[in-house]
A.B. asks: 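Take a look at this one; I'll ask things after.
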Amino acid sequence: MAKKFFLVTDASFSKKFAIYDEQKQMITGVKTNGFTDFFNIFLGWFINLPESFKFKLDNNHVNIRSEASLLSAKYEIFINDQSTVKIKKNRQNHQPQQRFSVLINNHELHFTEQNQGNYFSIMQDNQKIIVAKRGLQQLDQYSVVISDQVDPATGIAIVIAIINSYKK
């Protein structure tokens, strides 16, 4: 059975993201990176400084690390200190369906997007496994649904990396 979460961006001065369950009870928060976040918001479109987002979800320790990059963004996601996902944001001249490359355990997934990031999905074998939709009234909130084919910690980490790179 798929799980639903709510993800709030820029949740507070100290929290970059807040993760809520289906009943809108806060599960965990992800701390900001201070100066690096501030720099990447304004100049990340050109040069992206490395960041790291850490949180714990369902007894999994998640670490999302970005690399320094020029005109793109690159992320590697570690679950319990094991590299599981690599994400690359391609240059803006790509079609929306090619804007991100997502590899889970070296298996490429298909990314689709509508309305410049207001809705996106990750598909495996023509089946949606992760869906994120931005709120119409609350633009800093995303509704996220993750299928059973992906553990929730990995799914939320993928969504965080993609949403974070939209600001660049």
A.B. asks: Do Ile156 and Ile146 make a side-chain contact, defined as non-hydrogen atoms from C-beta onward lying under 4.5 Å apart?
C.D. replies: yes

A.B. asks: Evaluate the side-chain proximity of Ile104 to Gln149: yes if any heavy-atom separation is below 4.5 Å, no if none is.
C.D. replies: no

A.B. asks: So, for Ser69 and Lys74, which heavy atoms are closest and what is the spacing to 0.1 Å?
C.D. replies: OG-N, 4.1 Å

A.B. asks: Give, for atom CD1 of Ile47 and atom OG of Ser72, the distance between the pair rounded to the nearest 0.5 Å.
C.D. replies: 10.5 Å

A.B. asks: What I'd like to find out is whether the side chain of Ser143 reaches to under 4.5 Å of the side chain of Lys4, using heavy atoms alone.
C.D. replies: yes

A.B. asks: Measure from the side-chain N and O atoms of Lys89 to the backbone N and O of Ser165, and report whether any donor-acceptor pair falls under 3.5 Å.
C.D. replies: yes

A.B. asks: Side-chain heavy atoms under 4.5 angstrom apart, residues restricted to Ile, Leu, Val, Met, Phe, Trp, Tyr: same cluster for Tyr119 and Met123?
C.D. replies: no

A.B. asks: Evaluate the side-chain proximity of Asn105 to Thr84: yes if any heavy-atom separation is below 4.5 Å, no if none is.
C.D. replies: yes

A.B. asks: Verify, without hydrogens or angle tests, whether Asp151 (side chain) and Ala153 (backbone) share a donor-acceptor contact under 3.5 angstrom.
C.D. replies: yes

A.B. asks: Please report the interatomic distance CG(Leu49) to CG(Asn40), rounded to the nearest 0.5 Å.
C.D. replies: 5.0 Å

A.B. asks: Can you confirm whether Ile158 sits close enough to Ile130 that some side-chain heavy atom of one is under 4.5 Å from a side-chain heavy atom of the other?
C.D. replies: yes

A.B. asks: Taking atom types as modelled and ignoring hydrogens, do the side chains of Ser52 and Asn63 form a donor-acceptor contact shorter than 3.5 angstrom?
C.D. replies: yes

A.B. asks: Quick one: do Gln23 and Asp21 satisfy side-chain contact (heavy atoms from CB on, under 4.5 Å)? Show the steps, please.
C.D. replies: CA-CA 5 Å; Gln23 290 76 35; Asp21 64 14; 3.6 Å; yes

A.B. asks: Tell me whether Phe100 is reachable from Val131 by hopping between hydrophobic residues (I, L, V, M, F, W, Y) whose side-chain heavy atoms are closer than 4.5 Å.
C.D. replies: no

A.B. asks: Atom OH of Tyr75 and atom CD1 of Ile87: how far apart are they, to the nearest 0.5 Å?
C.D. replies: 8.5 Å

A.B. asks: Search all heavy atoms of Ala132 against all heavy atoms of Tyr142 and return the closest pair with its distance.
C.D. replies: CB-CD2, 4.4 Å

A.B. asks: Rounded at 0.5 Å granularity, tell me how far CG in Leu139 sits from OG1 in Thr9.
C.D. replies: 9.0 Å

A.B. asks: So, for Lys16 and Phe53, which heavy atoms are closest and what is the spacing to 0.1 Å?
C.D. replies: CG-CE2, 3.8 Å

A.B. asks: If every non-hydrogen atom of Asp37 is compared with every non-hydrogen atom of Asn33, which pair is closest and at what distance?
C.D. replies: OD2-N, 2.6 Å

A.B. asks: Might you point out which heavy atoms bring Val150 and Gly155 nearest each other, and give the distance in Å?
C.D. replies: CG1-N, 3.6 Å

A.B. asks: Are the side chains of Pro50 and Thr36 in contact, using a 4.5 Å heavy-atom criterion?
C.D. replies: no

A.B. asks: Do Glu51 and Asn164 make a side-chain contact, defined as non-hydrogen atoms from C-beta onward lying under 4.5 Å apart?
C.D. replies: yes

A.B. asks: Does Val159 reach the side chain of Phe120, with side-chain heavy atoms less than 4.5 Å apart?
C.D. replies: yes

A.B. asks: Within this structure, what is the CD-CZ distance for the pair Gln25 and Phe6, rounded to the nearest 0.5 Å?
C.D. replies: 11.5 Å

A.B. asks: Under 3.5 Å, side chain of Asn80 to main-chain N/O of His61, donor-acceptor pair present?
C.D. replies: yes

A.B. asks: Calculate, to the nearest 0.5 Å, the distance between atoms CZ and OG1 belonging to Phe78 and Thr154 respectively.
C.D. replies: 12.5 Å

A.B. asks: Measure across Lys128 and Ser121 and return the closest heavy-atom pair with its distance rounded to 0.1 Å.
C.D. replies: CE-OG, 4.0 Å

A.B. asks: Give a yes or no answer on whether the side chain of Asp58 reaches the backbone of Asn60 with a donor-acceptor pair at less than 3.5 Å.
C.D. replies: no

A.B. asks: Say whether Val145 and Phe5 are linked into one hydrophobic cluster, either directly or through other cluster members, by side-chain heavy-atom distances under 4.5 angstrom.
C.D. replies: no

